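Let me begin by presenting the structure, written as structure tokens, before commenting on it.
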Number of protein chains: 2
Amino acid sequence: MADTPEPAPSRARPKSGKPTLRTIADLTGFAVTTVSRALGNAPQISVETRRRVHEVAAEIGYLPDRAAQRLKTGRTNVISVLLDPHEEILGYGISLMHGLAKALKDTPYHLIVTPNFINDSNVDAVRHIVRNGMADGLIFSRTEPFDPRVRLLLENGFPFVTHGRTEFSTPHPYVDYDNFAFAYEATRRLISRGRRKPMIILPPKRMTFTQHLLHGFMTAVREAGVAYEIPDEIDLDCPVEQIRDYMSRRAGKPDAPDGFACGGEVSALATITGMSDHGLTLGIEYDIVAKRTSKLLSQIQPKVETIYEDLTDTGEQMGRVLLARIAGEDAAGLQVLLKPQIGFAEV
Amino acid sequence: MADTPEPAPSRARPKSGKPTLRTIADLTGFAVTTVSRALGNAPQISVETRRRVHEVAAEIGYLPDRAAQRLKTGRTNVISVLLDPHEEILGYGISLMHGLAKALKDTPYHLIVTPNFINDSNVDAVRHIVRNGMADGLIFSRTEPFDPRVRLLLENGFPFVTHGRTEFSTPHPYVDYDNFAFAYEATRRLISRGRRKPMIILPPKRMTFTQHLLHGFMTAVREAGVAYEIPDEIDLDCPVEQIRDYMSRRAGKPDAPDGFACGGEVSALATITGMSDHGLTLGIEYDIVAKRTSKLLSQIQPKVETIYEDLTDTGEQMGRVLLARIAGEDAAGLQVLLKPQIGFAEV
DNA sequence: GACGGGACTTATAACGTTTTAAATGAAGTA
DNA sequence: TACTTCATTTAAAACGTTATAAGTCCCGTC
């Protein structure tokens, strides 16, 4: 009647530009259901329809609404990563996350970060995530032989992958570095340089990989029949100055070690400083072989021999493994042990 | 009739334990709407009702479904942080994230991480997040004077906070470190130690804080009337070895600098190594004042004087600022400039 | 010419919230 | 008594998606 140029309302007015299934439905003339299935490439939808729907979807930049999908399907499309605050391993968190993100790229998964404030083993965070369905999968590190987080997750059938192994009989996905091989090789190198009393600086005892490192160290030591020493006052989680002080004190007493296998770059530096407090020089009175996780320090202190652990790669593998696990693959097949590249260790 | 002990079906059977508003409604006898409002502490709901509803909710461990809330309200309860892969600043990403997480604790916000793979300025990621409503707020660093990300966000009225300032006339929330003060103080310290030709190693030119550092440096230099030098072949983003090589080469030529203001710990170490390649010793032939962001290196190289930047605190402040911004506070009031604690710099 | 069955498509009902608009009583007022 | 007001509660609709269960057509078969 009047001059109200009301545009033909399809069904509901799109409130704000954001395209939805309905937008595509209106544009193509198909029903919302059809569009949904077409986008999901359901075989019952004709090829031509699928093509057309995809075309229009791409054209208008359609992106499914995460909230709606999550509400309907129960899948969150979220991977949660528990972050420990330890700084010993340079760039640990960031490298891992970059690897993870690389694996999660081009998947619908988002990476959400839950730092660990409270206790050392973040069981509460894990419980919260499992009970409230906050994620589809979980990632964490620094596992203990009978890690309560792993137990909880296994009991609940919740997908996860650890950086580090456990000793549960039920297999679970993990990506781990062969710390036995690292410690063995590091110690052998010290010995082959003529060092006769190697020492290894270990992570806290409760962690699984501490045992692996110890085992590698002891194997090399026994094979060579040399003396050895394991400090019980310090570990890799200690503040730097504590390690330095310890080394300094130890160097002043009889039968001081003359070779050091260090699980991280920071402890290697602390060792150098501690020893030099006593006038001892790296490469002369003693040697160090350290695990290297960044590009930083080996460039600075070329006399520290290093064996590389690629944390970005680790993260990427963890991402892949977790995705496979979420997709239903068997846990037993999702266990990755990354070997130190002994031959190319200096790269 | 028969002996089917069918329990009175309230309305719908709860399919899997997870409590919902309906659960509370059934338990208390109120309607779902009432429960929802009671939990939101709507003033129209009687005090007694609110109390009772909260009580039951706590009892059964009710937690609102994020997906449903997000779908209905449009709010995502997500904060997105764009992560740069630069390693120069030790522990940058992790410290910041811990601070952020601290600020976000006890809020409904989750922290999701979007690493930057592609180009240096992650405009695409920002655009994606804004256009598809992937988050309620955004956090990023390394701003440029007319940072395209900031422009995009300002245009769209999207809440964000930067680590670093810009030169847009429209104010926006930021938390920044006073790099002018840092460079000024660092340079003055070098000069007061008798150094007569300071050099400053700057970040890439395009970043805003490069100008601040330069300004601080030049101010100190001009005040003292000493010579100075600014390397144009290297910056803080360079690989370590490149910095070391440059220093080594420069030390061999005439009029070499005798004092270094370093924007990070790694470049300080690289400088030390480069200089020592030429037989020059820190504290003898030259001095260094560096920005310190971790506890690691100053313990190792006590002769490097440092000025501290607390990145965890920075992260926490950024979190607070962003929350305030999301809550509607004015951008102009949400600009924080963190001063170097000159007096307590050695802590 | 009715019937079974492919090959496609679709209406409807959820998922768990919040929002809008209304309903219910119990007072208070005229 | 009837009419308003207030305080409190509620039903119904909607957010955008997917799952379930029906539709359509059209073709070949008996």
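By convention in this document, chain letters (A, B, ...) are assigned in the order of the sequence lines, proteins followed by strands, and residues within each chain are numbered from 1. Computation of the quantities below employed the complete heavy-atom set of this structure, encompassing side-chain atoms and omitting hydrogens, waters and symmetry-equivalent molecules. Computed from a predicted model, the values in this text were never measured in an experiment.
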If you check every side-chain atom of A:Leu71, which of D:dG16, D:dT17, C:dT12 has the closest atom?
-> D:dG16

Give the rounded distance in Å between these two atoms: CG of B:Asp65 and P of C:dA14.
-> 18 Å

The answer to which of A:Leu21 and B:Gln44 contacts DNA chain D further toward the 5' end, by nearest nucleotide, is B:Gln44

Going by the angle between their ring planes, with limits at 30° and 60°, are A:Phe146 and A:Phe168 parallel, tilted or perpendicular?
-> perpendicular

Is any side-chain nitrogen or oxygen of B:Thr20 closer than 4.0 Å to OP1 or OP2 of C:dT17?
-> yes

Send over the distance from B:Arg75 CZ to D:dG16 P, rounded to a whole Å.
-> 15 Å

Whole-Å distance between D:dG16 P and B:Asn132 CG?
-> 13 Å

C:dT9 phosphate, OP1 or OP2, under 4.0 Å from A:Thr49 side-chain N/O = yes

Run the salt bridge (charged side-chain N to carboxylate O under 4.0 Å, His left out) check on B:Glu55 and B:Arg51 step by step: do they pass?
-> CA-CA 6 Å; B:Glu55 184 183 58; B:Arg51 196 201 52 73; 3.3 Å; yes

Answer yes when B:Glu316 and B:Arg320 have at least one side-chain N-carboxylate O distance shorter than 4.0 Å, and no when they do not.
-> yes

Base C:dT10 paired with A:Arg37 side chain (donor-acceptor, <3.5 Å) | yes

Would you mind classifying the nucleic acid contact of A:Ala68 as base, sugar-phosphate or nothing, using non-hydrogen atoms under 4.0 angstrom?
-> base

Would you say a side-chain N or O of A:Thr34 is under 4.0 Å from OP1 or OP2 of C:dT10?
-> yes

What closest approach, in Å, do A:Arg66 and B:Met134 show between heavy atoms, and which atom pair accounts for it?
-> CD-CE, 3.6 Å

Closest-nucleotide ordering on DNA chain D, the 5'-leading residue of B:Lys72 and B:Thr33 | B:Thr33

Taking only side-chain nitrogens and oxygens of B:Ser46, does any of them come within less than 4.0 Å of OP1 or OP2 of D:dT9?
-> yes

For B:Thr73, report the nucleic acid contact type (base, sugar-phosphate, nothing); a contact means any heavy atom under 4.0 Å.
-> sugar-phosphate

Tell me whether the OP1 or OP2 atom of C:dG16 has a side-chain N or O from B:Gln69 closer than 4.0 Å.
-> no

